[in-house]
Amino acid sequence: MNLELSSSERSFQHEVRNFIAERLPSDIAEKVKAGKELSKCDFLRWQAILNEKGWLAATWPKEYGGTDWTPVERHIFAEGCALNGAPRIPAFGLNMLGPVLIKFGTEQQKREMLPRILDGRDWWCQGYSEPGAGSDLASLKTRAVRDGNDYIVNGQKAWTTLGQHANKIFCLVRTSTEGKPQEGISFVLIYLNTPGVEMRPIRLIDGSCEVNEVFFTDVRVPVGNLVGEENQGWTIAKYLLTHERTNIAGIGFSIRDLRRYHKLADQIVRDGRKLADNPVYAARAAELDAELEALRVTNLRMLINTRDGAAGITESSLLKLKGTQIRQALQDLYRSALGPHAAPIAHDLSEDELSVPAEAARAAPIYFNHRKLSIFGGSNEIQRNIVAKALFGN
Amino acid sequence: MDFNYSEHHQILASSLRRYLADTYSIDDRGQLAYRAPYHSREIWAGLAKMGILGAFVGEQQGGFGGTAQDVLVIFEELGRALCAEPVLANLLCLRLLAVFPSSDLLEAVIAGETRMALAVCEPQVSCDLTCIETTARQVGRSWFLNGRKSAIYGAPGADHLLVVARADQGLGLFLLESPQIIEAAMIDGGGIAELVMDDLAVKLIAADCAREIEDALDIGRVALCAEAVGAMTRLIDLTVDYLKQREQFGRALASFQALQHRVVDMMVELEQCRSITIAAVASYGTSEQSRLVAMAKNLVGRMATKIAEESIQLHGGIGMTWEYPGSHYAKRLVMIDHQLGDQNDHLLRLIKLNKGGAQATAV
C-alpha cells in the first residue's frame, strides 16, 4: 500500500498547475471563483486553450485526439482545474457523446463529429429527461417514426443543461412500444436548427437560466444520425452514464469551497468575535474537513480499482452520494456563515454596496443552485437503489 | 499510488483470519470475554506464536514489522472476529518499550509470556496528556507515584503496567510490576481496571517522553479505527443477511426500499471510514500524523456509532438480544469511540491544529 503520487504523477501535477497558472485567462478564473454565470465565449476560450495543448478530451483514446491519461492523472487534472478557478468543461460533447461515438458510432460519424467537438464548432446538449421521465428514464415518450430515410420525431425533453448554447442535441427516443420499455429506445443525433425544434429556457430557484425545455414537432432526422442499432439505445444510455466517472465526487470543488469558507470565516466578525473563533462553526468545518479527506482517498481507491472503466457502477454511485452530500454541506456552511447578510439577491446590488465580501455575495443563490446535485445524474435515491441492488441482489 | 496490501500483509491477514475463525467463534467469545480474566491464555499464546505481537515492533527491536500498515492489517481482522483479547493494551506497551529498551520485557511480551497494559487515563483525563495529574516523586534512585488511573483497558490478567505520570522533568513513564488493581468487565467484552496509587514504588522507564507516549496513543487510535472498519464490515454483512431472511408483510425485509437505503448509507460511511483510516496509516510518522489521526478517530467514532445504532434498528427486536452476534458488534463499535479520546475530543484536537495554521486540506 502506498498513497504517494509517483514521481511522474508529481511532475504531471506541477505541469498542470503551471499550465493553468500561465494559460487560464484571469477574467474567467475570477468569474468562476465568484460563482458567476459564464458566457458561451468564456467556455469556448478555455476549451480552445486546452485543445491546443491536447488536454481537452481527457477520456478519449489518443488516436481520436484524446489524452490516454490514467485515472490518477485525470484526477490530478480535474483537481488542479477546480482549485484554480478553471471553468468546468461542459461534459456533453467531450465526456458523454465522444466516448459513445468512439464505441458505437460508424466510421463516418466519428470522422465528422469528433473533430467538431474538439474545436468547439459543435456544442452538444443532452435530450434524456422528459417531463414524465426523470429518474424513471425508460418511460420516455418522445417518438421517432421511420419515414423513408428519415425519422419523424415528436415529443418534449426537459432539463436540457446549457442547451441555450448548443447547436446539436443527442436524444433518447422511442422507436418501438413492444417488449420491455427499455427495448424500444434509440439514440439519435438531432441538429437544433432543424425545422420543428424549439428551445425554451427554464428559470431556476436561484434566478439563473441554465436549463431548458426542448420541443420537437414533426422534426425530420436522417436515419444516418442513428447511433448504434435501432432499439438498442438503452445499452448506449447505460454506457454513457457509467463511462465518465472521473470527477463525479467533485473533490476539487469541495476542497476549493472549504478553503473559501476558511477565508470567509477569518474575515467575518459576528457578535463580537471572528467566525473562525466560533466553536460551533469550527466544529462543523473540522467535521467536513475529515469527511472530505476521507472522500479524497475513497475516490482514489475506487478510481484505481476501476482502471478498466467497466466495473465501477456501485462505486460511482457511492462517490456521487457522498460527494454531493459534502458539496451541499459546504454550501450550507458557507451560506450560514453570512448570517442575515446572505439574504439579498446579489445581482440586485453592485458588489461594493454589500456588507459582505464580494466573493461571498452569491452564497445563497449558489447554495440553492447546489440542491440540484442530489437530483441530477440519477437522484441520490436512485444511486441508493443501484447500490442496494448490488447488496441485496434483487 | 497503490491501495492493495502487499503479499506479506495478505498472508498475515488471511492466516490471522483463519486462526480466529478456528479458535475464537462468537460462542467461544461469549464464554471468555465477560469472565475474569476476560481473555484466554491459550489464544494469547497462539496469537504470539503467529507473530502478531512481534508484528508491532521493528526488526531492530526484535520484532517482525512495526509499521502502521502492520497494525492496520491485524486490527482489521481482530475487529472482524470481534476479538476481545487485550491486543491493543500490549500494542501500546510494545511501542513504548521499543523506544525505551530497558529490560528483557520487550522480548517477553513479543513471545506472549508477559502481558502488559498502559495506565494513562484518569478520572478527569481521557485524551489530553497535558492534563495528567498523577505525580511521580523521586527519592534517591527510587520513584513513587501518587494519583488514580482509570479505564486501564486490558489490565485484568496483565503481569505489569506501564504508568504515565508527571515528574519534574515532564511526563514520564514508569513500570509497575504485579499491580493491585480494581477490575471490571466491559459492556463490549474484555476487562478494564482502576489503579489507586499512594506512594506506590515503581521503576523509571523514561523521565520526559510525552511525545513518545502521544505517538503510541496515535498508533493505538489507528488500531481502533482499523478494528472498527473490520467490525463494521462484518456487522453490515450480518445486517444484509438478516434483511434477506426475515419476512414481514409477506416479503423479505430486504425488498423494502426504506431499509435498503439505510443499509446503503451505512456502506457509504464504511468506505469513508476505511479511507480515512488508510490516510491516517499513511500519515503515521509524518508531519501530518496528528491531524489525520484526529480526523480518523473523529470520523470513525461518529460513523461506528451510527452504524451500530442503525444495525440494531434494522434488526428490530433481534438486534436487542444478547444472543445475537450483531448486538456484540454494535456494543464494541460504540465503545471504540470511547477509547483513546472520542469523536468530540478529536474534533477539539482538529480545531486546535487548524488554528495552529495547518493547511485546511492537503492536496
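Labels below follow one simple rule: chain letters A, B, ... track the order of the sequence lines, proteins then strands, and each chain is numbered from 1. The model shown is predicted, which means the values in this text are computed figures rather than measured ones.
Looking only at heavy-atom pairs under 4.5 Å with chain B, the residue among A:Pro279, A:Ser6, A:Ala390, A:Ala283 that has the most is A:Ala283. Options B:Val263, B:Thr277, B:Asp241 differ in how many heavy-atom pairs under 4.5 Å they form with chain A, and the most are formed by B:Val263.
No side-chain heavy atom of B:Gln272 sits under 4.5 Å from any side-chain heavy atom of A:Val297. Residues A:Leu391 and B:Met267 have side chains in contact (heavy-atom distance under 4.5 Å, counting atoms from C-beta outward). Within the 4.5 Å cutoff, the side chain of A:Asn2 has no heavy atoms near those of the B:Phe3 side chain. Contact of the A:Asp289 side chain with the B:Met295 side chain is registered, since non-hydrogen atoms from C-beta on lie closer than 4.5 Å. The closest side-chain heavy-atom distance from B:Ile278 to A:Arg301 is below 4.5 Å. In this structure, A:Asp277 and B:Lys355 have side chains that are in contact, with non-hydrogen atoms separated by less than 4.5 Å. In this structure the side chain of A:Ile304 reaches within 4.5 angstrom of the side chain of B:Met1, judged on heavy atoms. Using a 4.5 Å heavy-atom threshold, the side chains of B:Val264 and A:Asn385 count as separate.
Only the backbone of A:Ala276 comes within contact range of chain B, with at least one heavy atom under 4.5 Å from a heavy atom of that chain. Heavy-atom distances place both the backbone and the side chain of B:Arg274 under 4.5 Å from chain A. The parts of A:Glu381 that come within reach of chain B are both its backbone and its side chain, each placing non-hydrogen atoms under 4.5 angstrom from that chain. Heavy atoms closer than 4.5 Å to chain B are found nowhere in A:Ile251, neither backbone nor side chain. If you measure heavy-atom distances from B:Leu72 to chain A, the contacts under 4.5 Å come from the side chain alone. Residue B:Ala282 touches chain A through its side chain alone, counting heavy-atom pairs closer than 4.5 Å. At a 4.5 Å heavy-atom cutoff, the contact between B:Leu292 and chain A is made by side-chain atoms alone. For B:Gln343, no part lies under 4.5 angstrom from a heavy atom of chain A. Interface residue A:Ile326: only side-chain heavy atoms are found under 4.5 Å from chain B.
In terms of heavy-atom proximity, B:Leu299 sits nearest to A:Ala294 at CD2-CB, 3.6 Å. Across every non-hydrogen atom of B:Asn354 and A:Ala286, the tightest pair is ND2-CB, 4.2 Å.
Residue pairs meeting the salt bridge (charged side-chain N to carboxylate O under 4.0 Å, His left out) criterion with at least one member in residues 250-263 of chain B, sequence neighbours excluded: B:Arg262-B:Glu310. Judged as a ring-ring contact (aromatic ring centres under 6.0 Å, His included), the pairs with a partner in residues 223-267 of chain B (not counting sequence neighbours) are, in order, B:Tyr242-B:His315.
Other residues, nucleotides and ligands place more than 12 heavy atoms under 6.0 Å from the CD atom of B:Gln248. For A:Lys263, the NZ atom is loosely surrounded, since the number of other residues' heavy atoms within 6.0 Å does not exceed 12.
Here the OH-CD1 distance, from A:Tyr281 to B:Ile351, works out to 14.0 Å after rounding to the nearest 0.5 Å. Here the straight-line distance linking atom CZ of A:Arg296 with atom CD1 of B:Ile276 works out to 9.5 Å at 0.5 Å rounding. Between atom CG of residue B:Asp265 and atom CD of residue A:Gln325 there is a gap of 6.5 Å, rounded to the nearest 0.5 Å.
Contact check on A:Lys322 versus B:Glu271 returns no salt bridge, with no Lys/Arg side-chain nitrogen under 4.0 Å from an Asp/Glu carboxylate oxygen.
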#### Entry: Residues B:Arg302, A:Glu291; criterion side-chain contact (heavy atoms from CB on, under 4.5 Å); working and verdict
CA-CA 11 Å; B:Arg302 281 191 276 149; A:Glu291 286 172 39; 2.6 Å; yes

### Task
With side-chain contact (heavy atoms from CB on, under 4.5 Å) as the test, would you mind laying out the steps for A:Met1 and B:Asn4 before giving the verdict?
CA-CA 5 Å; A:Met1 217 171 66; B:Asn4 295 313; over 6 Å; no

